[in-house]
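We number each residue from 1, following the sequence as shown.
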Amino acid sequence: MPNNPVALHYATLAAMLAPAFFLTATASLLMSANNRLARVVDRLRAVLREIGDTDDSELRAVLERHAGIHRRRSTLILRGSQLLYVAISFFVGTSLLVAIDSFAGHRLGMLPTLLAVFGVLSMFTASLYLARESALAVRAVNDEIDHKLRHVRKIGGTGEG
């Protein structure tokens, strides 16, 4: 590590950049997760309205299954979002500890690195939750398509319109 105070200052700032990049990436994922959650909530409300408006037991069963999928989706997004907030906390902590460690004579050892690792692990786990939610979203869409196609074939086959 340089002994020159100016060089030490710039080395500290450079070391704080990596957590800042992770903060930006985490914030983007969090914004995406919040948008996804809003869409899921809107869709769940629409499904619940449809459940209340139908007397068809077959359609009600399909809609209740969709409501269950959307509930699981919202839970996965919530868990992913919580982990992204944890990751942000770890990355901010990493930046602060890098700065403190620089001026404290590098007495913190591996602590800044450990915080960064925990931040990355939180981000990774959040990504797994969000990937699972995406898979459920595709499953829900496919299920809706299949149900609509069965319904259209049923109506077409009976001559009803």
Side-chain angles (χ1 to χ4, degrees), residues 13-100 110-161:
L13 289 176
M16 293 173 70
L17 281 178
F21 289 128
F22 277 113
L23 275 168
T24 303
T26 305
S28 293
L29 278 173
L30 190 53
M31 197 165 45
S32 170
N34 286 334
N35 289 335
R36 288 161 72 170
L37 182 58
R39 286 194 309 272
V40 169
V41 168
D42 289 345
R43 183 64 190 129
L44 181 55
R45 286 182 179 144
V47 168
L48 292 174
R49 267 193 308 276
E50 289 179 61
I51 288 172
D53 292 344
T54 187
D55 294 327
D56 181 346
S57 61
E58 180 187 341
L59 178 58
R60 179 179 297 276
V62 169
L63 293 171
E64 287 174 357
R65 187 171 60 242
H66 290 174
I69 291 171
H70 294 309
R71 176 180 271 176
R72 285 191 298 279
R73 289 179 63 200
S74 67
T75 300
L76 288 168
I77 294 171
L78 173 64
R79 297 291 180 255
S81 295
Q82 289 169 331
L83 283 166
L84 290 171
Y85 281 116
V86 167
I88 286 173
S89 298
F90 280 126
F91 295 139
V92 168
T94 300
S95 289
L96 290 172
L97 285 181
V98 165
I100 291 167
M110 295 295 296
L111 191 55
T113 303
L114 286 174
L115 278 187
V117 167
F118 287 135
V120 171
L121 286 173
S122 296
M123 200 172 166
F124 175 72
T125 306
S127 296
L128 294 177
Y129 276 110
L130 295 175
R132 176 70 181 127
E133 184 275 329
S134 292
L136 282 176
V138 170
R139 178 177 151 203
V141 168
N142 286 336
D143 195 37
E144 287 182 37
I145 291 169
D146 291 344
H147 174 72
K148 290 288 184 190
L149 290 174
R150 279 193 306 272
H151 180 71
V152 167
R153 288 181 191 126
K154 182 177 169 183
I155 289 173
T158 62
E160 296 177 14

Between [atom1] of [X] and [atom2] of [Y], what distance do you get to the nearest 0.5 Å?
X	Y	atom1	atom2	value
Ser134	Ile77	OG	CD1	8.0 Å
His147	Asn142	NE2	CG	14.5 Å
Leu29	Thr24	CG	OG1	11.5 Å
Leu59	Ile51	CG	CD1	8.5 Å
Asp146	His151	CG	NE2	14.5 Å
Thr94	Phe90	OG1	CZ	8.5 Å

Once ring-ring contact (aromatic ring centres under 6.0 Å, His included) is applied, do any residues pair with Tyr129, and if so which ones, sequence neighbours excluded?
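Testing Tyr129 for ring-ring contact (aromatic ring centres under 6.0 Å, His included), a comparison that skips the adjacent residues, returns none.
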Contacts of type salt bridge (Lys or Arg N to Asp or Glu O under 4.0 Å), residue [X], not counting sequence neighbours:
X	answer
Glu144	Arg43
Asp143	Arg65
Arg139	none

Return the set of residues passing side-chain contact (heavy atoms from CB on, under 4.5 Å) with [X] (not counting sequence neighbours), or none when no residue passes.
X	answer
Ser74	Leu37, Val40
Asn35	Met31, Arg39
Val92	Leu23, Ile88, Leu96

Residue pair Ala20 / Ser95: nearest heavy atoms and the distance that separates them:
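It is N-OG, 4.5 Å.
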Heavy atoms only: give me the nearest Leu111-Leu97 pair and the separation to one decimal.
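The answer is CG-CD1, 3.6 Å.
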Give the intermediate values and the outcome of side-chain contact (heavy atoms from CB on, under 4.5 Å) for residues Leu130 and Leu76.
CA-CA 7 Å; Leu130 295 175; Leu76 288 168; over 6 Å; no
Compile the donor-acceptor pairs under 3.5 Å between side chains in residues 112-128 and protein atoms, sequence neighbours left out, one pair per line.
| residue | atom | partner | partner atom | Å |
| --- | --- | --- | --- | --- |
| Ser122 | OG | Phe118 | O | 2.9 |
| Thr125 | OG1 | Leu121 | O | 2.9 |
| Ser127 | OG | Met123 | O | 3.0 |

Just jot down the side chain to side chain donor-acceptor pair (under 3.5 Å) partners of Arg79, sequence neighbours excluded, or say none.
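Only Gln82 meet the side chain to side chain donor-acceptor pair (under 3.5 Å) criterion with Arg79.
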What residue pairs, at least two apart or across chains, pass ring pair (Phe, Tyr, Trp, His ring centres under 6.0 Å) with a residue in residues 43-86?
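Counting only pairs at least two positions apart or across chains, no ring pair (Phe, Tyr, Trp, His ring centres under 6.0 Å) contact touches residues 43-86.
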Please examine the side chains of Arg150 and Lys154, heavy atoms only from C-beta on, and report whether any two atoms are closer than 4.5 Å.
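Not in contact.
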Check: Arg45 and Leu48 side chains under 4.5 Å, non-hydrogen atoms:
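Heavy-atom side-chain distance check fails, nothing below 4.5 Å.
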Test: salt bridge (charged side-chain N to carboxylate O under 4.0 Å, His left out). Region: residues 120-138. Which pairs qualify, not counting sequence neighbours?
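Every salt bridge (charged side-chain N to carboxylate O under 4.0 Å, His left out) pair that includes a residue of residues 120-138, provided the two are not neighbours, is Arg36-Glu133, Arg73-Glu133.
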